[in-house]
2 protein chains.
Amino acid sequence: MREAGGRATPARRMLLRVLFSEGEHRSAEELAAAVHAQAPDVNISTIYRNLDELVRLGVVDRAYLGGGPASYHLASAAHGHIVCELCGAMTEVPDDLFNDLAEVVAARYGFKIAPHRFAMTGLCANCR
Amino acid sequence: MREAGGRATPARRMLLRVLFSEGEHRSAEELAAAVHAQAPDVNISTIYRNLDELVRLGVVDRAYLGGGPASYHLASAAHGHIVCELCGAMTEVPDDLFNDLAEVVAARYGFKIAPHRFAMTGLCANCR
DNA sequence: TTAAATGCAAAGAATTTGCATAACA
DNA sequence: TGTTATGCAAATTCTTTGCATTTAA
C-alpha cells in the first residue's frame with residue numbers, strides 16, 4: 001500500500017484482514033458487514049474506494065459473476081468460476097482448465113483472458 | 001409468443017423488430033431508445049418485462065458482460081464474447097471454441113456451460 | 001369478458017461522487 | 001503541515017414492483 005504512495009489506515013487494515021480471513025467471493029456489502037463487526041464506523045464508500053485501489057494495485061481481483069454485485073477475492077487465490085443460472089450455486093474451477101482455450105483466443109484474437117475475473121454461467125448438475 | 005400463452009401486443013412487435021434489425025448486444029436502455037423512435041409511449045418497464053419473458057421463452061439471450069447493464073441478443077445468433085477490461089471492446093467468438101472446455105466441465109462437474117450468456121474478460125490486443 | 005399486458009410512479013440494489021473534516025507521513 | 005483518506009449525504013445507474021387501467025383474444 002505504502003509502496004504505491006498510499007497510506008496505512010485502520011479502515012484498510014481491517015479490510016485486508018477480512019479479505020484474508022473470510023472466505024472467497026465476498027461482495028462489497030458482505031465485506032463491509034465483516035469490517036463493521038470490528039469497526040462499525042467504516043463507511044461503505046470507503047470500502048468501495050479501497051477495493052478499487054486494491055484492484056488497481058493487483059492485490060485483489062474483482063469478478064462479475066452474473067447480474068448481482070461484484071465479487072472480490074485475493075489475487076493470490078486465482079481460479080475460475082462456474083455459476084448456475086437457476087440456483088446461483090458457485091463452484092471454483094482450476095485455472096489450468098482454461099489453458100487450451102486461452103491459447104486459441106490469444107493466437108486468434110491477441111486477447112489475453114483473465115479466468116479468475118469472470119464466471120462461466122450455465123446449469124449445474126442439480127438444475128439440469 | 002402466442003404458443004406460450006402470451007399475446008401479440010404492439011410493444012412486443014416493436015421490441016422484436018428492433019432485436020432483429022439492430023445489431024447484437026443491446027442493453028435494455030438501448031433497446032428502449034430504438035423502440036421509442038417508432039413508439040415513444042412504450043414504457044421502459046414494459047421493455048424489461050418483455051425481455052424477461054423472451055429470455056424465459058428462449059427467444060432472447062441475456063448476457064452479463066461485466067459490470068454494466070445486461071446485454072440482449074437473439075438466441076438464434078449464439079456465440080461467445082470476449083470483453084476487454086480496459087477499453088471495453090467486445091468481440092464475438094464462435095461457440096465451438098468452448099467445445100473442449102465444455103466437455104471437461106460437464107464431465108468433471110456435471111455443469112453445462114452456456115457460452116453465449118457470459119463474457120470472458122481480459123485484455124485485448126491493443127491494451128496489452 | 002377476462003386474464004394478460006401496460007403505464008406510471010415509486011422503490012430497490014449496487015455503486016459513485018462532492019465536499020467538508022480528519023489523520024497519516 | 002500538506003496531501004491522502006474518510007464520513008456523510010446525495011446522486012447515478014440499472015432494474016423491479018404495486019396498482020389502477022387498458023387491451024388482445
Side-chain angles (χ1 to χ4, degrees), chain A residues 1-18 25-36 38-57 59-73 83 85 88 117-119, chain B residues 1-18 25-36 38-57 59-72 83 85 88 117 119:
Chain A
M1 211 67 244
R2 287 213 185 92
E3 285 172 24
R7 291 175 181 176
T9 65
R12 280 181 182 164
R13 281 187 229 273
M14 280 308 301
L15 178 56
L16 281 167
R17 193 169 305 156
V18 163
H25 308 106
R26 301 290 169 171
S27 68
E29 299 272 3
E30 288 169 337
L31 292 169
V35 166
H36 285 165
Q38 305 284 327
D41 290 342
V42 175
N43 195 274
I44 184 80
S45 63
T46 298
I47 305 272
Y48 275 108
R49 281 189 278 233
N50 283 330
L51 285 171
D52 282 350
E53 192 63 14
L54 291 168
V55 167
R56 205 179 58 78
L57 294 177
V59 177
V60 166
D61 272 325
R62 169 193 288 131
Y64 295 104
L65 303 185
S71 186
Y72 298 87
H73 61 268
V83 172
E85 288 160 5
R117 287 208 280 276
F118 62 87
Chain B
M1 215 61 246
R2 288 214 184 92
E3 284 171 25
R7 292 174 182 177
T9 65
R12 281 181 182 165
R13 280 187 230 274
M14 281 306 302
L15 179 56
L16 282 167
R17 193 169 303 156
V18 163
H25 308 106
R26 301 290 169 170
S27 67
E29 299 271 3
E30 288 169 338
L31 292 169
V35 167
H36 285 165
Q38 305 284 328
D41 290 344
V42 175
N43 195 273
I44 184 81
S45 63
T46 298
I47 305 272
Y48 275 107
R49 282 189 278 233
N50 283 331
L51 284 172
D52 282 351
E53 191 63 12
L54 291 168
V55 167
R56 205 179 58 76
L57 294 177
V59 176
V60 166
D61 272 324
R62 170 193 288 132
Y64 296 104
L65 303 184
S71 186
Y72 298 87
V83 173
E85 288 161 6
R117 285 208 281 274

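Every chain is numbered from 1 and lettered A, B, ... according to where its sequence line falls, protein lines coming before strand lines. Scope of the values below: all heavy atoms of this structure, side chains included, with no hydrogens, waters or symmetry mates.
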Problem set entry | Those residues that, when tested against A:Gln38, pass side chain to side chain donor-acceptor pair (under 3.5 Å) (two or more places apart) |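 A:Gln38 satisfies side chain to side chain donor-acceptor pair (under 3.5 Å) with no residue once adjacent residues are dropped.
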
Problem set entry | Any residue meeting side chain to side chain donor-acceptor pair (under 3.5 Å) with B:Arg49, in chain and number order, not counting sequence neighbours |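 Partners of B:Arg49 by the side chain to side chain donor-acceptor pair (under 3.5 Å) criterion, ordered by chain and then number, come out as B:Ser45.
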
Seminar exercise, completed: The dot-bracket string of DNA chain C, counting Watson-Crick and G-U wobble pairs with both distances under 3.5 Å, using [ ] for crossing pairs and | for pairs to another strand, is ||||||||||||||.||||||||||

For this session: Could you run through nucleotides 15-25 of chain D and give me one letter per nucleotide, 5' to 3': B if any protein heavy atom sits under 4.0 Å from the base, S if only the sugar-phosphate is that close, - if neither?
Result: BBBB----BBS

In whole angstrom, what separates [X]'s [atom1] from [N]'s [atom2]?
{"X": "A:Leu15", "N": "D:dA5", "atom1": "CG", "atom2": "P", "result": "14 Å"}
{"X": "A:Arg12", "N": "D:dA5", "atom1": "CZ", "atom2": "C1'", "result": "6 Å"}
{"X": "A:Leu51", "N": "D:dA5", "atom1": "CG", "atom2": "P", "result": "14 Å"}
{"X": "A:Arg56", "N": "D:dA5", "atom1": "CZ", "atom2": "C1'", "result": "14 Å"}
{"X": "B:Asp41", "N": "C:dA9", "atom1": "CG", "atom2": "C1'", "result": "16 Å"}
{"X": "B:Leu57", "N": "C:dA4", "atom1": "CG", "atom2": "C1'", "result": "14 Å"}
{"X": "A:Glu53", "N": "C:dC24", "atom1": "CD", "atom2": "P", "result": "17 Å"}
{"X": "B:Met14", "N": "C:dT6", "atom1": "CE", "atom2": "P", "result": "13 Å"}

Exercise. Between A:Arg12 (side chain) and A:Asn50 (backbone), is there a donor-acceptor pair under 3.5 Å?
Worked result: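 Here the side-chain-to-backbone pair does not exist.
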
Exercise. Where the side chain of A:His25 meets the backbone of A:His73, is there a donor-acceptor pair that is under 3.5 Å apart?
Worked result: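 Looks like no, no N/O pair under 3.5 Å.
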
For this session: Would you indicate, yes or no, if D:dA5 has its OP1 or OP2 atom less than 4.0 angstrom from a side-chain nitrogen or oxygen of A:Thr46?
Result: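 Indeed not, no polar side-chain atom of A:Thr46 lies that close.
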
Problem set entry | Which residues share a side chain to side chain contact (heavy atoms under 4.5 Å, CB included) with B:Asp41, sequence neighbours left out |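 With neighbours one apart ignored, the set is empty.
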
For this session: For A:Asp52, check salt bridge (charged side-chain N to carboxylate O under 4.0 Å, His left out) against everything at least two apart and list the hits.
Result: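 A:Asp52 satisfies salt bridge (charged side-chain N to carboxylate O under 4.0 Å, His left out) with A:Arg62 only.
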
Problem set entry | Flag side-chain contact, heavy atom, 4.5 Å: B:Leu15 against B:Thr46 |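 No, every pair of side-chain atoms sits at 4.5 Å or beyond.
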
For this session: Of all the heavy-atom pairs spanning A:Leu51 and A:Ala28, show the shortest one and how long it is.
Result: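 Scanning both residues completely, I find the closest heavy atoms to be CD1-CB, 4.0 Å.
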
Problem set entry | Nearest heavy atoms of B:Tyr64 and B:Ala70, plus distance in Å |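 So the two residues come closest at CE2-CB, 3.6 Å.
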
